[in-house]
Amino acid sequence: MNAVEQLEKEYDVVIIGGGWAGLSLARQLRRGSKEISILVVEASKEFRGKVGEATVEMTGHYFMKQLGLVNYLYRNHLPKNGLRFFYDKPDHSLSLTEMSEHGTTSIPPHPAFQLDRARLEEDLVGMNRADGIEVVMGVKAKALNIEPADKRHSVLVSAGDYSSEISTHWLVDCSGRNRFTKKHKKLTRQENVPKHFSAWGRFMNIQDIDSMGDEAWRKRAFGRFLSTNHFAGDGYWVWFIPLSGGYTSVGIVGEKAKFEKPPTKRDSFLNFLAEYRAIAELLEGAELVDFEAWGQLAYRADEFIFPDRWATSGFASMFLDPLFSGGGDMIALFNDHISKYILMDLCESDRDKAQEVLDHQLPVANQTVKEFYQGLYAHVANVYPVIDSAELCSPLLAYNTAAYFLEIAWDYMSGNYLDQEYWQRKSYLRRGYMALELILQKQLIDTAEVLKSEGRYYRRNDEGFFESGADHYKYFVYLMGTSGKDGWRIDLRVKLWVEMFLKVIEARLDLPMLASRMVVQQSILLPDLLERPNLNIGDKDWLLNKISDKLSEMLSEETEFPVQAKINEDAFHTDMVKVVDPSGDLTEVELEKLFKKAKALWGQTQEYIAMPGMVPVFLAFARSQPDSIMDSVIDQRKMLGMDREVSEINVVEAV
């Protein structure tokens, strides 16, 4: 019997698309209710490898907690050893072990996975069928009729010569980039999104990265092969993602403006990879199994769930960029909301009350996901202008990872995205953080140009291993999801930003160790940076004078006479400081003692957590930001123009 002939005429929920988004939603709904009837319609007859293999901690939490798949994932897929970046010279001449590197040293404490998409989706079909969910393969959804309010929708499905019209209370479009429901309403647009392309394929028999290099290089990190490995270039990156079964996903994501002709054909893709010495070493003897490319990756939408009881999830809704493996996080957020409102609606006998809940809460749910997209985009947009500079990109990755754990992943594990009262009450924090990210991005863009003009942009790319970034999140990684720590989280989040901004200034003004010196952290505070968001060479005297004043204040506490310490540029390179006795009342012995004290204070470093707290300052700044900042043009190079003709004042206008 044809699959269409076996279908019922009515269902509670029909999901169009049997990929990751649709199948996981079906499982989530079934775990929430054993009674509702669910149909998943998938046009393909079998599953194949797809992009979206790499996940991060929020997705890992979704799979394990919401879907109950912890045992399955560890038995059938690979654990992920974080993000890893390798930095090369512009001519791609460095071998793997000569490159500077940013990445974890061992498996992170919160699980994430490298997924074999074909295997995952095939296995989810089996699990869902075992749970009484109808999943039909090789059946196409041809037409739909979405009715208003509480009326049932209809979907025409077909397979071969057979077709049938089925009705459903809820319809969810998980059909991927085909976006089945665009026949009803066009949701997606490509304004204010990254203009990036991608090309990728699966390879067999690539070289074992953990067997390459000398013993010292191999000992620096455990399980590089398990990471999502990024090889950075000018406006692009190449990924290596291991998959169970011996495959490795290899692909490129790039800014279209940086390429005369993007390598989106099979031969040009392979030729591009061959020009990269380290990549060529890894691919020696490998076989390309399949290949695919997209000319434009990102698109967005303002809505994904509607009061007349239909929704979109996954690629059918919106997509950003795979730089931080955030696609799964978006699916988790979509599905949590969709599952919540479907289950809430179907169990409510008072239909007027059910409609009232949807009318009132779904606009907030849509705004939640829209702002999630914007926040993630802000972090992505900060990286691309400096992605090929180890000096700028490596500390930025550490900062982004810590901010992700402290905000996005923490709020998800706490259930804050589904708590509308909490989410709306904290809206000013999101405005404040967005403003900080726009300030930081402007500083990164300007600093990159300064470093390029002075020949310093690539100077640390061949220094060997960089830090893992673990020092940034070690204070809170095991507390993620804990309630009652909002003030503490704000304090750490602001300190992280101040440290990152100082690291950018450190590179821009060539002042080594600026960001980690205790005296600097005590003297250059959040209010100073908010007053000087475009801090540059013209502010160097102000910067040095502020630091000198703070060191003088510390020294004066050691004696009854006022003492002046002087910090100049050389002090950052030699660790030598000047101490002056304006009164002339100190003996040479006393002056020498103070000089040693000044040198010790100047050489003292500390971690960002020891910075003075600035929570009240940030809260006032955050509350002053307009709601419109959440709709800002995220990539500020679009505001500036690549020709750099816009004034500095206009660049931070939104802030």
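All values below come from the heavy atoms of this structure, side chains included, with hydrogens, waters and symmetry mates left out.
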K.L.:
With sequence neighbours excluded, what pairs up with N568 under the side-chain hydrogen bond (donor to acceptor under 3.5 Å, both in side chains) test?
P.N.:
none
K.L.:
Could R517 and D575 be called an ion pair, given the rule that one side-chain N must be under 4.0 Å from one carboxylate O?
P.N.:
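Salt bridge flag = yes for D575 with R517.
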K.L.:
List the atom of A448, the atom of P385, and the distance in Å for their closest heavy-atom pair.
P.N.:
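Heavy atoms of A448 and P385 come nearest at CB-O, 4.2 Å.
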K.L.:
Hey, mind stepping through D329 and T59 against side chain to side chain donor-acceptor pair (under 3.5 Å) and telling me if it holds?
P.N.:
CA-CA 5 Å; D329 288 6; T59 312; 2.5 Å; yes
K.L.:
Using a 6.0 Å distance limit plus a 45 degree cone around the ring axis, check whether K256 lies over the aromatic ring of F197.
P.N.:
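Because its charged atom misses either the 6.0 Å distance or the 45° angle limit, K256 does not stack over F197.
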K.L.:
Could you give all pairs that pass the ring pair (Phe, Tyr, Trp, His ring centres under 6.0 Å) test and reach residues 517-545, with sequence neighbours left out?
P.N.:
none
K.L.:
Verify the neighbour count for atom NZ of K195: are there more than 12 heavy atoms of other residues, nucleotides or ligands below 6.0 Å?
P.N.:
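More than 12 heavy atoms, drawn from other residues, nucleotides or ligands, come within 6.0 Å of this atom.
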K.L.:
With D491, which residues qualify under salt bridge (charged side-chain N to carboxylate O under 4.0 Å, His left out), at least two apart?
P.N.:
K495
K.L.:
Hey, could you give me each pair passing salt bridge (Lys or Arg N to Asp or Glu O under 4.0 Å) that has a residue in residues 608-619? Not counting sequence neighbours.
P.N.:
none
K.L.:
Above 12 or not: heavy atoms from other molecules or residues under 6.0 Å from NZ of K452?
P.N.:
yes
K.L.:
For the pair K593 and E590, find out whether any cationic side-chain nitrogen is under 4.0 Å from an anionic carboxylate oxygen.
P.N.:
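Looking at K593 and E590, the cut-off is not met.
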K.L.:
Quick one: salt bridge (Lys or Arg N to Asp or Glu O under 4.0 Å) pairs with a partner in residues 602-628, sequence neighbours left out?
P.N.:
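Checked against salt bridge (Lys or Arg N to Asp or Glu O under 4.0 Å) - neighbours excluded - the pairs reaching residues 602-628 are R431-D627, K474-E607.
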K.L.:
Side chains of D510 and F572, heavy atoms from C-beta outward: is any pair under 4.5 Å?
P.N.:
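Answer no - side chains too far apart.
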K.L.:
K485: which residues meet the salt bridge (charged side-chain N to carboxylate O under 4.0 Å, His left out) condition with it, sequence neighbours left out?
P.N.:
none
K.L.:
Sort and list the pairs that fulfil ring pair (Phe, Tyr, Trp, His ring centres under 6.0 Å) and have at least one residue in residues 87-110, not counting sequence neighbours.
P.N.:
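Every ring pair (Phe, Tyr, Trp, His ring centres under 6.0 Å) pair that includes a residue of residues 87-110, provided the two are not neighbours, is H92-Y276.
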K.L.:
Going by distance alone, is a donor N or O of one side chain under 3.5 Å from an acceptor N or O of the other, for R430 and Q374?
P.N.:
no
K.L.:
L440 and Y399: which non-hydrogen atoms are nearest, and at how many Å?
P.N.:
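Smallest interatomic distance, heavy atoms only, reads CD2-CE2, 3.8 Å.
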K.L.:
Report the C-alpha distance between W410 and F405 in whole Å, list the side-chain angles of each, state the deciding distance to 0.1 Å, and finish with yes or no for side-chain contact (heavy atoms from CB on, under 4.5 Å).
P.N.:
CA-CA 6 Å; W410 191 305; F405 285 169; over 6 Å; no
K.L.:
For the residue pair F272 and F259, categorise the inter-ring angle as parallel (less than 30°), tilted (30 to 60°) or perpendicular (more than 60°).
P.N.:
tilted
K.L.:
Would you say S583 and D581 are linked by a side-chain donor-acceptor pair, where the criterion is simply a distance under 3.5 Å?
P.N.:
yes
K.L.:
If you measure only the distance, is there a donor-acceptor pair under 3.5 Å linking the side chains of T228 and K80?
P.N.:
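Side chains of T228 and K80: pair found under 3.5 Å.
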K.L.:
If you draw a 6.0 Å radius around NZ in K597, do more than 12 non-hydrogen atoms from other residues or ligands fall strictly inside?
P.N.:
no
K.L.:
Measure up the F372 and Y417 rings against each other and bin them: parallel (under 30°), tilted (30 to 60°), perpendicular (over 60°).
P.N.:
perpendicular
K.L.:
Go through Y384 and D321 one step at a time and tell me if the side chain to side chain donor-acceptor pair (under 3.5 Å) criterion holds.
P.N.:
CA-CA 11 Å; Y384 271 95; D321 187 274; 3.0 Å; yes
K.L.:
Would you check if the distance from the ring center of F240 to the ring center of F231 is below 6.0 Å?
P.N.:
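Close enough - the centres of the two rings lie under 6.0 Å apart.
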K.L.:
Could you tell me whether the side chain of S414 and the main chain of N416 form a donor-acceptor pair under 3.5 Å?
P.N.:
no
K.L.:
Could you list the residues that satisfy side-chain hydrogen bond (donor to acceptor under 3.5 Å, both in side chains) with R220, not counting sequence neighbours?
P.N.:
none
K.L.:
Any salt bridge between K426 and D486, counting N to O under 4.0 Å?
P.N.:
yes
K.L.:
Any salt bridge (Lys or Arg N to Asp or Glu O under 4.0 Å) pairs touching residues 388-411, not counting sequence neighbours?
P.N.:
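Salt bridge (Lys or Arg N to Asp or Glu O under 4.0 Å) check on residues 388-411 returns E391-R459, E407-R493, D411-R489.
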K.L.:
Just one of D549, V519, V563 clears the side-chain contact (heavy atoms from CB on, under 4.5 Å) bar with M554, so which one?
P.N.:
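One option only clears the test, and that one is V519.
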K.L.:
Who passes side-chain hydrogen bond (donor to acceptor under 3.5 Å, both in side chains) against Q564, sequence neighbours left out?
P.N.:
none
K.L.:
Taking side-chain hydrogen bond (donor to acceptor under 3.5 Å, both in side chains) as the definition, give me every residue that meets it alongside N382, ordered by chain and number, with sequence neighbours left out.
P.N.:
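side-chain hydrogen bond (donor to acceptor under 3.5 Å, both in side chains) list for N382, sorted by chain: E437, Q441.
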K.L.:
For residues 98-112, which residue pairs pass the salt bridge (Lys or Arg N to Asp or Glu O under 4.0 Å) check, not counting sequence neighbours?
P.N.:
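Found R84-E101, E98-R277, E101-R224.
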K.L.:
Check step by step if side-chain contact (heavy atoms from CB on, under 4.5 Å) holds for I490 and Y433.
P.N.:
CA-CA 10 Å; I490 295 168; Y433 293 145; 3.6 Å; yes
K.L.:
Working to the nearest 0.5 angstrom, can you tell me the gap between F466 CZ and F86 CZ?
P.N.:
13.0 Å
K.L.:
Taking NZ, NE, NH1 and NH2 as the nitrogens, is one of them in R637 or D635 under 4.0 Å from a carboxylate oxygen of the other?
P.N.:
yes
K.L.:
So V498 and L525, side-chain contact (heavy atoms from CB on, under 4.5 Å) or not? Walk me through it.
P.N.:
CA-CA 7 Å; V498 170; L525 307 177; over 6 Å; no
